[in-house]
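Reviewing the structure listed below.
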Amino acid sequence: DSAGRVTFANIPAGSVGAEGQGTLSNVDLGTTTLVAGSQTVGFEMATTHGEVSGRLANLPDQQTQDSWQVCTYDGSYGLCVPLEVPTGRYSFTGIDALPTGSYDLVLVPWMGEGGGRPIPVGHVTVTAGEAITADADLAPHVATLRGTVTDTDGSPFVGVVAASPANYPIATTTIGIDGRYEVRVLIGSESRTLVEVRTSDGGVVDEADLDLAGGTTTVHDVDLQTRAWAELRGVVRDDDGAPVANASIWLCHRLGCRTVLSGVDGSYHADRIAIGPVSAYAQFEGFIGGIAHGEAATDGQVVVLDLTM
């Protein structure tokens with residue numbers, strides 16, 4: 001309860017160990033010896049633990065910050081607490097207090113199994129019953145990427161920029177109404193970063209492999225007027241040759257895949273198709289049609305892929 005009390009029943013007499021369930025980790029509270037009958041025993045954390053809290057400044061723009069953690073680290077992860085976003089605060093307090101001793105603290109940017117490599121954020125020495133503050137600045141580990149994206153007609157491009165650094169989650173930002181963007185990317189020991197320009201529905205229209213460095217700013221402008229594009233169109237029909245309206249058309253090209261819907265006459269159209277091989281198939285009410293393949297060879301080419309459900 002709020003006073004730190006908990007009641008157990010029917011525990012066998014003898015030596016027992018106790019653990020507390022912290023926010024993300026189990027906490028060893030020590031051992032005691034029980035005798036038969038009702039009794040009260042205490043596990044006093046103030047004589048064995050201390051509190052550490054702090055703030056990490058200059059957070060990057062990675063999408064999964066809500067699952068990032070600050071952990072003790074000695075070659076493997078020890079006790080962990082969540083990183084609060086957007087404040088960048090963390091706290092080993094209360095049941096999450098640390099046992100006395102010295103610890104390296106790291107930021108762990110989880111991104112599913114395998115995770116990202118830990119980023120060192122400091123070293124602390126914990127004294128029983130004391131609270132210390134350990135702030136850190138992530139700026140040396142964060143690269144800033146900015147620039148302007150121009151659409152095929154010379155107007156500002158509407159969409160997003162996504163940066164995928166090695167071993168870390170994707171960082172994204174929405175391109176402004178003037179075509180400008182800025183995104184902050186967490187960079188580890190491997191600096192190569194895949195940068196994609198995407199439409200609002202997720203279609204990739206440009207990509208570049210950049211060498212970014214923490215603590216630096218890189219300007220990366222993209223002019224889609226200089227890129228070669230093809231168009232893809234066709235008609236979706238069922239086995240009887242009737243057009244299929246509102247079918248989802250999955251189309252893939254060198255830069256990725258996206259979907260469009262067929263019209264009332266079964267026709268579909270997609271622009272900004274990268275030069276190279278293309279493929280498409282239709283899906284409607286749980287049914288998936290066969291895959292059609294083609295090749296976009298020249299700028300402005302119209303590739304026709306008719307589809308059958």
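Remember, predicted model here, so these are calculated numbers, not experimental data.
By the criterion of side-chain heavy atoms lying less than 4.5 angstrom apart, applied directly or through intervening Ile, Leu, Val, Met, Phe, Trp or Tyr residues, Leu138 is grouped together with Leu83 in one hydrophobic cluster. In the hydrophobic clustering of ILVMFWY residues, with side-chain heavy atoms under 4.5 Å counting as a link, Leu232 and Val244 come out together. Under the 4.5 Å side-chain contact rule for hydrophobic residues, Val303 and Leu255 do not share a cluster. Following chains of ILVMFWY side-chain contacts shorter than 4.5 Å, one cannot reach Val204 starting from Ile275, and the two form parts of different hydrophobic clusters. Using a 4.5 Å cut-off between side-chain heavy atoms of Ile, Leu, Val, Met, Phe, Trp and Tyr, with links allowed through other members, Val235 and Leu305 fall into different hydrophobic clusters.
Closest non-hydrogen pair, His269 versus Asp271, comes out as CE1-N, 4.1 Å. For the residue pair Met309 and Ile288, the shortest heavy atom distance occurs at CE-N, 4.3 Å. Closest approach of Val52 to Thr93, counting heavy atoms only: O-CG2, 4.5 Å. Listed here is the closest heavy atom pair of His293 and Ser279: ND1-CB, 3.6 Å. Considering all non-hydrogen atoms of both residues, Gly179 and Pro156 come closest at N-CB, 3.5 Å. Here the shortest heavy-atom pairing between Leu307 and Ala292 reads CD2-CB, 3.6 Å.
For Ile177, the CD1 atom sits in a loose shell: 12 or fewer heavy atoms of surrounding residues, nucleotides or ligands are nearer than 6.0 Å. Atom CH2 of Trp250 is surrounded by 12 or fewer heavy atoms from other residues, nucleotides or ligands within 6.0 Å.
By the 4.5 Å heavy-atom criterion applied to side chains, Glu51 and Ser91 are not counted as neighbours. Counting heavy atoms from C-beta on, the side chains of Leu251 and Val278 never come closer than 4.5 Å. The closest side-chain heavy-atom distance from Val106 to Cys71 is below 4.5 Å. For the pair Thr87/Arg55, no side-chain contact is recorded, criterion being any heavy-atom separation below 4.5 Å from C-beta on. A 4.5 Å side-chain heavy-atom check between Leu186 and Pro109 finds at least one atom pair inside the cut-off. For the pair His49/Thr100, no side-chain contact is recorded, criterion being any heavy-atom separation below 4.5 Å from C-beta on. When side chains are defined from C-beta on, Leu145 counts as touching Tyr181, because their heavy atoms get closer than 4.5 Å. Side-chain atoms of Val126 and Phe92, non-hydrogen and from C-beta on, never get closer than 4.5 Å to each other.
Note that OG1 of Thr172 and CZ of Arg198 are 8.0 Å apart. Values are rounded to the nearest 0.5 Å. We find the OG1-CG distance between Thr217 and Leu212 to be 10.0 Å, quoted to the nearest 0.5 Å. For the atom pair CZ (Arg146) and OG1 (Thr173), the distance works out to 11.5 Å, reported to the nearest 0.5 Å. Remark: Thr259 OG1 to Ile249 CD1 distance equals 9.0 Å, nearest 0.5 Å. For the atom pair CG (Leu98) and CD1 (Ile132), the distance works out to 8.5 Å, reported to the nearest 0.5 Å. In this structure, Asp223 CG and Thr152 OG1 are separated by 9.5 Å, a value rounded to the nearest 0.5 Å.
No option in Arg254, Glu231, Gln301, His253 other than His253 meets the side-chain contact (heavy atoms from CB on, under 4.5 Å) test with Ile273. For the pairing with Ile175, the side-chain contact (heavy atoms from CB on, under 4.5 Å) check across Val160, Val158, Val161, Thr148 returns one residue only, Val161.
Counting only distance, with no hydrogens or angles, the side chain of Arg192 and the backbone of Asp209 share a donor-acceptor pair below 3.5 Å. A distance-only check finds no donor-acceptor pair linking the side chain of Arg272 to the backbone of Trp229 [under 3.5 Å]. Distance alone, capped at 3.5 Å, places no donor-acceptor pair between the Asp221 side chain and the Gly147 backbone. Between the side chain of Gln39 and the main chain of Gly37, a donor-acceptor pair closer than 3.5 Å is present. Asp238 places a side-chain N or O within donor-acceptor distance of the main-chain N or O of Ala242, the cut-off being under 3.5 Å. Under the 3.5 Å distance criterion, the side-chain polar atoms of Arg184 are matched with a main-chain donor or acceptor of Asn58. Looking at Trp68, its side chain never comes within 3.5 Å of a backbone N or O of Val85 through a donor-acceptor pair.
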Discussion item. Assess the residue pair Asp61 and Glu182 against the criterion (side chain to side chain contact (heavy atoms under 4.5 Å, CB included)); give the C-alpha distance rounded to whole Å, side-chain angles, the decisive distance to 0.1 Å, and a yes or no.
Written reply: CA-CA 10 Å; Asp61 295 323; Glu182 180 173 306; over 6 Å; no

Checking side chain to side chain contact (heavy atoms under 4.5 Å, CB included) for the pair Val205/Phe157: CA distance, chi angles, key distance, verdict? CA-CA 11 Å; Val205 297; Phe157 181 79; 3.9 Å; yes

- prompt: Could you walk me through whether Leu56 and Val70 pass the side chain to side chain contact (heavy atoms under 4.5 Å, CB included) check?
  reply: CA-CA 10 Å; Leu56 305 185; Val70 175; 4.1 Å; yes

_Derivation and outcome, side chain to side chain contact (heavy atoms under 4.5 Å, CB included), residues Tyr103 and Leu79_ = CA-CA 10 Å; Tyr103 300 92; Leu79 300 175; 5.8 Å; no

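Below 30°, between 30° and 60°, or above 60°: for Tyr77 and Tyr73 the angle between ring planes is between 30° and 60°, a tilted geometry.
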